[in-house]
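Fair warning: this is a prediction, and the values are worked out from it, not measured in the lab. Here is the naming used below: chain letters follow the sequence lines, and residue numbers restart at 1 for every chain.
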There are 2 protein chains.
Amino acid sequence: MTTAPASQFDAIAALEDAGLRITGQRRQVVAAIDRKDAGFTAEALASELDGVGRATVYRTLKLLVEADVICKLALPDGTPMYSPSRVEHHHHSVCTSCGAVEEFRDSTVERVLRSLNREIEGEIIGHRMEVFIRCRACLISTDE
Amino acid sequence: MTTAPASQFDAIAALEDAGLRITGQRRQVVAAIDRKDAGFTAEALASELDGVGRATVYRTLKLLVEADVICKLALPDGTPMYSPSRVEHHHHSVCTSCGAVEEFRDSTVERVLRSLNREIEGEIIGHRMEVFIRCRACLISTDE
DNA sequence: GTAGTTATTGAGATTCAGTATCAATTGAGA
DNA sequence: TCTCAATTGATACTGAATCTCAATAACTAC
């Protein structure tokens, strides 16, 4: 259950579970995301889906983020990216050259939060961790 | 040297070190940031500094981020925030209610990266970690 | 101090990501 | 099949940030 692929099926099911209608447009968005194997921007997805309006793409992405089917993350410069989410509770490594996103679980991150919990006067309500990398393929292709 | 306050003086010096001119506008921006004790948005800073153009505020913020005098971070919804940087290598906890930013160093974060380094096929070139909290003051004021 | 070069500034236009509006459409339960 | 609320999409809008370019002002050299 930790590595169950977030197939098109799951995403649609997640939307249904949320009491939402399954429209042709939503199917198209989900199918397009399912074809991705790297991070993508909302705008790229929108221009790729000619039959679906821009606003609808953004709305659907938001619904999918809320349903935990995809993740929204950001490059170092703040450029927003989306990535299908296949692992339950995880963080991301993003290749800044090609946009490839890997998910990783690391119990150490949770340990950071626990130790922080003792230090901080307040309630931890969330966190974000992103690691920026240059992936193997990009290292090779660029030079040497 | 780890906890030297990033006073106005330091920020100006950092700009000078970068070979930049010290203009009245840059002084005003730095002075205004120095007065802050919480995170702030670029827009808030801009509207607070009547004598300085919006574009200049943004340009100066960018320079200060590059000079490591301030940090750019983001709320969970992506709202960009800036915060004076007083600790060398650190991460942030941001109160999502009042915008208060605390810096913390946690060696555990570095440990996460080291373990990741072994897992990942590629080169780690950076990371970002933000912890979102509800600070003590906000917990009390809202409804204890 | 003055002059000259060159970085910097600011008003406003522009981009980019994302949201709001609202009439027309359509999914899905009855 | 009917009905009605959810959804869509064209378009206008917001907010963050950048670009343009003529006018201005810092440094440097004299």
Side-chain angles (χ1 to χ4, degrees), chain A residues 11-33 39-67 69-83 94 99 128 130, chain B residues 11-33 39-67 69-83 94 99:
Chain A
I12 294 296
L15 293 179
E16 274 177 341
D17 289 353
L20 298 164
R21 288 186 183 170
I22 306 310
T23 66
Q25 289 89 334
R26 286 178 180 166
R27 276 184 210 283
Q28 286 184 67
V29 172
V30 167
I33 293 173
F40 57 92
T41 64
E43 215 59 34
L45 195 68
S47 63
E48 177 181 326
L49 289 167
D50 277 336
V52 186
R54 228 170 60 89
T56 300
V57 170
Y58 276 96
R59 279 189 287 237
T60 307
L61 283 175
K62 187 179 245 190
L63 293 173
L64 292 172
V65 169
E66 278 161 15
V69 174
I70 62 174
C71 295
K72 184 177 182 178
L73 37 101
L75 295 185
D77 67 355
T79 305
M81 300 268 297
Y82 293 85
S83 151
V94 189
R128 160 163 53 213
E130 282 145 26
Chain B
I12 294 295
L15 293 178
E16 273 176 343
D17 289 352
L20 298 164
R21 290 184 182 171
I22 305 309
T23 65
Q25 290 89 334
R26 285 178 181 166
R27 277 185 210 283
Q28 286 185 67
V29 171
V30 166
I33 292 174
F40 57 91
T41 65
E43 214 58 34
L45 194 69
S47 63
E48 177 181 326
L49 289 167
D50 277 337
V52 186
R54 233 168 57 87
T56 300
V57 171
Y58 277 96
R59 278 188 287 238
T60 307
L61 283 174
K62 188 179 244 191
L63 293 173
L64 292 173
V65 169
E66 277 160 16
V69 175
I70 62 174
C71 295
K72 184 178 182 179
L73 37 100
L75 295 185
D77 68 353
T79 306
M81 298 269 299
Y82 294 84
S83 152
V94 189

- request: Show your reasoning for whether side chain to side chain contact (heavy atoms under 4.5 Å, CB included) applies to A:Glu16 and A:Ile22.
  value: CA-CA 7 Å; A:Glu16 274 177 341; A:Ile22 306 310; 3.5 Å; yes
- request: Quickly work out the A:Asp77 CG to C:dC16 P distance and round it to whole Å.
  value: 13 Å
- prompt: Just wondering, do A:Ile33 and A:Leu61 contact through their side chains at under 4.5 Å, heavy atoms?
  reply: yes
query: Which atoms form the tightest heavy-atom contact between B:Lys72 and B:Pro80, and what is the distance?
result: CE-CB, 4.1 Å
- request: With a 3.5 angstrom cut-off on both distances, give the Watson-Crick or G-U wobble partner of C:dA30, or none if there isn't one.
  value: D:dT1
task: Using whole Å, report how far CG of B:Leu61 lies from P of D:dT18.
output: 10 Å
query: Can you name the residues that form a side chain to side chain donor-acceptor pair (under 3.5 Å) with A:Arg26, not counting sequence neighbours?
result: none
- request: Could you encode protein contacts along nucleotides 17-30 of chain C as a string, one character per nucleotide from 5' to 3', using B for base contact, S for sugar-phosphate-only contact and - for no contact, with a heavy-atom cut-off of under 4.0 Å?
  value: SBBBB----BBS--
query: Quick one: B:Met81 CE to D:dG15 P, roughly how many Å, whole number?
result: 17 Å
- request: Could you tell me whether the side chain of A:Met81 reaches within less than 4.5 Å of the side chain of A:Leu75, counting heavy atoms only?
  value: yes
query: Whole-Å distance between D:dG15 P and B:Leu75 CG?
result: 16 Å
task: Whole angstrom is fine here: how far is it from CD1 in B:Ile12 over to P in D:dA26?
output: 13 Å
- prompt: Across the strands shown, which category fits A:Gly51 at heavy-atom distances under 4.0 angstrom: base, sugar-phosphate, nothing?
  reply: sugar-phosphate
message: Among residues at least two apart in sequence or on other chains, which ones pass side chain to side chain contact (heavy atoms under 4.5 Å, CB included) with B:Asp17?
response: none
